[in-house]
Amino acid sequence: MALRPGLILSISLLQVVLCFLSIAYAQTSVTSNATAGERHSEEYCAMYGICGKRSDGKYLNCPFGSPSVKPDDLLSSKVQSLCPTITGNVCCTETQFDTLRSQVQQAIPFLVGCPACLRNFLNLFCELTCSPSQSLFINVTSVAKVNNNLTVDGIDFYITDAYGEGLYDSCKDVKFGTMNSRAMEFIGAGAKNFKEWFTFIGRQAPSNVPGSPYAIRFSSSVTESSAMKPMNVSTYSCGDNSLGCSCGDCPSSTVCSNTVSPVSQKGGSCSVRIGSIKAKCVDLAVAILYIVLVSVFFGWGLFRRTRKANPASTTNPWWNVMDDSEVHSINREKNENPPMQVFEDAPHIRNSVQLSIVQGYMSKFFRRYGTWVARNPVIVLCSSLALVLLLCLGLIRFKVETRPEKLWVGPGSKAAEEKNFFDSHLAPFYRIEQLILATIPEVKHGSSPSIVTEENIKLLFEIQKKVDGIKANYSGSVISLADICMKPMDKDCATQSVLQYFKMNPANYDDYGGVEHLKYCFEHYSSADKCMSAFKGPLDPSTALGGFSGKNYSEATAFLVTYPVNNAISKEENETERAVTWEKAFIKLAKDELLQMVQSRNLTLSFSSESSVEEELKRESSADAITILISYLVMFAYISLTLGDSPRLSSFYISSKVLLGLSGVVLVMLSVLGSVGFFSVIGVKSTLIIMEVIPFLVLAVGVDNMCILVNAVKRQPLELSLEGRISNALVEVGPSITLASLSEVLAFAVGSFIPMPACRVFSMFAALAVLLDFLLQVTAFVALIVFDFRRTEDKRVDCFPCMKISSYTNSDKGIDQRKPGLLTRYMKEIHAPILSLWGVKIAVICVFVAFALASIALCTRIQPGLEQKIVLPRDSYLQGYFNNVSEYLRIGPPLYFVVKNYNYSSESRHTNQLCSISQCDSDSLLNEIARASLTPESSYIAKPAASWLDDFLVWISPEAFGCCRKFTNGAYCPPDDQPPCCSSSDGSCSLGGVCKDCTTCFRHSDLRNGRPSTTQFKEKLPWFLSALPSSDCAKGGHGAYTSSVEFKGNGSDIIPASSFRTYHTPLNKQVDYVNSMRAARELSSRLSDSLKIEIFPYSVFYMFFEQYLDIWRTALINLSIAIGAVFIVCLAITCSLWSSSIILLVLAMIVVDLMGVMAILNIQLNAVSVVNLVMAVGISVEFCVHMTHAFSVSTGDKDQRTKEALATMGASVFSGITLTKLVGVIVLCFSRTEVFVVYYFQMYLALVLLGFLHGLVFLPVVLSMFGPPSRRVLIEQRQDRAPVPPQL
């Protein structure tokens, strides 16, 4: 938003200058009839002298011709100084020339940066005013009587097209930095050619309106009989060697065209065209890879089946090596549930499992530990709970971090450091409070009508009155908008509203002309004094209107009202708290009153404040509390029921395990609370992600372990004592539980090293929560299992263990406990046999590999970002606001290029390396920014940068004689239209008075190549920064550049920090924000390297979007480390590269497939999705490790071992994770917040389904075809060998 002060007010006066010039020229006017005998020849004037003055003070020339006059030496020197092309006689009096000089000084600051343009521009009015052959190209066409004197009312000004084109071409690209625009916008109303420019200059202005006091018709053709000749003074090209302009003002210059810098292009994707089909390279590569893999797989399968059909033809190849149990055929037990291990106290031991060294020690430990727990459950339960409850005491210091900059930006973040530098050295970016009023589309045409109507403007005045009337109470003091708003000129608020064209005063509406005045200001906002804002600066209509195309402001369908509010570096400062208090009152007013006012007028209203997003995020934390609670309760109920035996009405109240399930869930919650408590004690704040995600994660992991432990105990022979059953169960499943848990802990722990705080904190909390959950599972939960089985054996009622049923029969106890459950029977009798079919295996491999490769191709389509609308509640008022911002805004966020340690000394080249006016380097910073703005589609830069340095150099230039001036005593002398030169009480200004002896700060000889010395720079920069802009000098730096330069003036020749402001193009999508930041950084990095000056770009949103520049790198590193950690743990514990590689493959496929689903569902890549992907690794371990471990310790051929693994572990995994998570996740689809639906419901559901399909479909098929040899061996094989690790 262009919040720049009245600097440009002077610009508007530039138009007045042009008018005055014309007036001064129109010295003698007569009607066509009156001038029939008028003489047109050399050394003859068409107008000479001033014969009157309009009511608005504009001078009118005399319409009488006369011979040219020889000036005296003083006038001649004056004319030569401004008009070097005029020598000898002149057609202007000294008064006329002084008027000309005083008026053109308003235009000079806009053009002095481009000498060629300035010279051409001055020549136009010099010839019009003082040319000795004025009558050859000036013809007075009409006269008017003023105070009984005839005055010029209209003239024809004949100029060759060549001069017009030369003048326009030299000026069309000249920048006006203060407004981030072109000077032509202000001195020519944005003219597209010289004819439009001349038409603008020649319009006769009504009274009190800037412009020419009489009509000027520019023409290039004259009749031969008239004896007139079009004016054709030589023009200078902007690329002229002597008067050449900078590349920013003259891109067509030969020097500039040879140094065009490469523009950052959008990353185009590689594509290949096959006939009429255009495919991405990655898609084609993946398709070719799939064809190759499938061909190899089918070839291998055919070869393998051929060898199996004729086993005697050759020895068994390596891929068909039989397991030890297959080589030595034995009579294995054909039990429905054969014991997997050698059990303690078993009467006949015929085989055992050969474990790795680590697994051997673990088995030995679990055997002894299980026996001890079964004997001392009270001690184990109490001690473990005491430890966790001690950790939970840390919750008294529990705090939740909701500040976005603390969640998504690391302390070492480059963007955070740049923001801190900008805030501390320059000024914090202002807070934004905004209203958007828009019309409703018509039913018939579907288009919205214009909002620029009298009724709507008066409504806007009513709204403004209510906003001004807001009185917020802060610590006993009343806070209003005037107390906190940004005031560039230290007086009026810099409110961005069309009401500024009426000086924010409803009384001016009718006086200024109502809607017509508004439309006039849309075209002359920078040139008309009445269009200047109350804060003394021009208001760009694009910042106050929306929904228009091009520059058709009158067709706008929305009013944008923006209140910039002063910001503070620290959010804890009183200034920020005062602003937040007012913002809350502002939002309340908008909801309670403004919304109804606007809707009653058939308009829409959306609104926002700086603190709105944070306040709505806080509300979101409680918005879905009921939904999350129901989700947890559903999971709790399912878990409690699934741990029990098959429901039988006669014994359900005894055999059920509801109390055990609830106790297990409590342990899971205690592990989460213990983790949060521990980190709260050491000062780590929690986040909403932690509170929403980790319970799901730990439940998924913990419930699976509970199911596996309970089912393992139920599988043990009832002939064993309870101690023996507990001990054998821990020996059977303890190693796999430990392996899975340690893998998950390590996978999450490595995430604590990533820089993004939200991901890092999540990983820390999750790692400790999973570790505590594992410890509680093998301690407290095992003790609870002991209590529950004792309750069952003692015939006590579940949930009411004090009640004992004496009539309960025990006759079916053994049968009831040994009978396989429904899921177990399904896995063994249906699921496993189907997967063992060769055709099914081929289909499964082909389908899963196809989807994995397709997901790799789809991953390239995932966009980084996190839509703000998604993270907010669906009923949030900000939902409509963000929609309207995308629809109506026509300008992007401000962009600052910050220069550190600018050396302004005469010996340094920094000045010419930064500036963009005459004699600046063609590849300077500002020239490069201007060049980048020519390709906004790739640079995302909308305009050239506003340059305090350019304006300062122009301000001190001798040509800008109305700007840098000094009294005879050397003190600063302001322009003639400012106090004390101009009386502020009555507004009267004259060339005399206290400032009559003021002179320019420097002569040309005082400057070296137009640049000040070190001392001159140091002395005059403070003058510039405190100089108020006005009509006589629009380049004053106060307001526009007050916070753009950190100038200490402490003897150093270094300016520590300075900024150059421009704007991004409108950014409507998250990817636009990311790409704009990347493009700005690439540009500044390239310029820093080439100029050897430290430069960085800054915009208020960079800190929050920096994460997305490297989000892919962050995600891939996290996932690689997590999966790698699982692989290392598996390899260390199992000592099996084969098994570990299979687990690694399946984990990678699950994660890749999940990312493919993200692409299909248009889920963006951000911190939340990265956390979910890392969590997917942890949960997927549960699907893989238990199945792989069960397969490795089972007997038979690979199909038999797969069937046995599915029967023993498949049911536990399916019921413990898949169904538990499924019932909990489904509830989330009813969430009121989109982020839960997208990132938790959709991603979790996809994760559960992919985990189930890979763990219970793909993995069994892979194991049945490529699985490792069995670790179960015959005892007879090892009788004569050295002792082996502990056996089971």
Determine, for E1204 against K828, whether the closest basic-nitrogen to carboxylate-oxygen distance falls under 4.0 angstrom.
no
Working to the nearest 0.5 Å, report the span between SG of C1184 and CZ of F1258.
10.0 Å
Quick one: closest heavy-atom pair of A1190 and A1205, and the distance?
CB-CB, 3.8 Å
Main-chain N/O of S671 paired with S675 side-chain donor or acceptor, under 3.5 Å
no
Would you say that S836 contacts S1264 through its side chain, given a criterion of any heavy-atom pair below 4.5 Å between the two side chains?
no
Can you check side-chain contact (heavy atoms from CB on, under 4.5 Å) on I1133 and L742, steps first, answer last?
CA-CA 10 Å; I1133 293 179; L742 290 181; 4.2 Å; yes
What heavy-atom pair brings A729 and Q716 nearest, and what distance separates the two atoms?
CA-NE2, 4.0 Å
Hey, are the side chains of M1187 and L1256 touching, using non-hydrogen atoms and a 4.5 Å cut-off?
yes
Is the backbone N or O of W372 less than 3.5 Å from a side-chain atom of N376, with the two atoms forming a donor-acceptor pair by type?
yes
Output, in order, the C-alpha distance, side-chain angles, deciding distance and verdict of side-chain contact (heavy atoms from CB on, under 4.5 Å) for C1130 and V1126.
CA-CA 6 Å; C1130 293; V1126 173; 4.0 Å; yes
Could you go step by step and tell me if L768 and F678 meet the side-chain contact (heavy atoms from CB on, under 4.5 Å) rule?
CA-CA 9 Å; L768 182 57; F678 172 77; 3.5 Å; yes
Tightest non-hydrogen contact, residues I785 and L660, listed as N-CD1, 4.0 Å
pair S1192-S1270: side-chain heavy atoms closer than 4.5 Å:
no
S384 OG to L776 CG distance, which is reported to the nearest 0.5 Å:
6.0 Å
Tell me, do I1143 and V1185 make a side-chain contact under 4.5 Å, heavy atoms counted?
yes
S727 backbone acceptor or donor facing R367 side chain under 3.5 Å
no
For the backbone of V733 and the side chain of S736, can you confirm whether one donor and one acceptor N or O come within less than 3.5 Å of each other?
yes
List the steps and the verdict of side-chain contact (heavy atoms from CB on, under 4.5 Å) for I737 and H1186.
CA-CA 7 Å; I737 289 178; H1186 299 304; 4.0 Å; yes
What is the distance from atom CG of L1263 to atom NZ of K1198, rounded to the nearest 0.5 Å?
10.0 Å
Note: G1178 and E744 closest approach over all heavy atoms is O-OE2, 2.9 Å
Can we call the ring centroids of F1183 and F1252 under 6.0 Å apart?
no
Whether Y369 and F366 hold their rings parallel, tilted or perpendicular, with breakpoints at 30° and 60°:
perpendicular
Under a 3.5 Å threshold, yes or no: a donor from one side chain and an acceptor from the other, between D773 and Q777?
yes
Quick check: closest heavy atoms across S1180 and L1247, and the distance to 0.1 Å?
OG-CD1, 4.1 Å
Which pair of non-hydrogen atoms, one from T1195 and one from R1201, has the smallest distance, and what is that distance?
O-CG, 3.1 Å
Distance under 6.0 Å and angle within 45° of ring axis: K657 vs F789
yes
Any donor-acceptor pair under 3.5 Å linking the side chain of S383 with the backbone of V380?
yes
If only atom types and distance count, is the side chain of S1139 paired as donor or acceptor with the main-chain N or O of S1136 below 3.5 Å?
no
Straight-line distance of I1128 CD1 to L746 CG, nearest 0.5 Å
7.0 Å
Do P377 and R790 have side chains that get closer than 4.5 Å, going by heavy atoms?
yes
Do E793 and R725 meet the salt-bridge criterion of a basic N to acidic O distance under 4.0 Å?
yes
Just wondering, do L391 and L772 contact through their side chains at under 4.5 Å, heavy atoms?
yes
Are any of the side-chain nitrogens in R791 or D788 under 4.0 Å away from the carboxylate oxygens of its partner?
yes
Are the side chains of M1243 and L1154 in touch, meaning some heavy atoms are under 4.5 Å apart?
yes
Can you tell me how far the CZ atom of R796 sits from the CG atom of L659, to the nearest 0.5 Å?
13.0 Å
Is any side-chain heavy atom of V1257 less than 4.5 Å from a side-chain heavy atom of H831?
yes
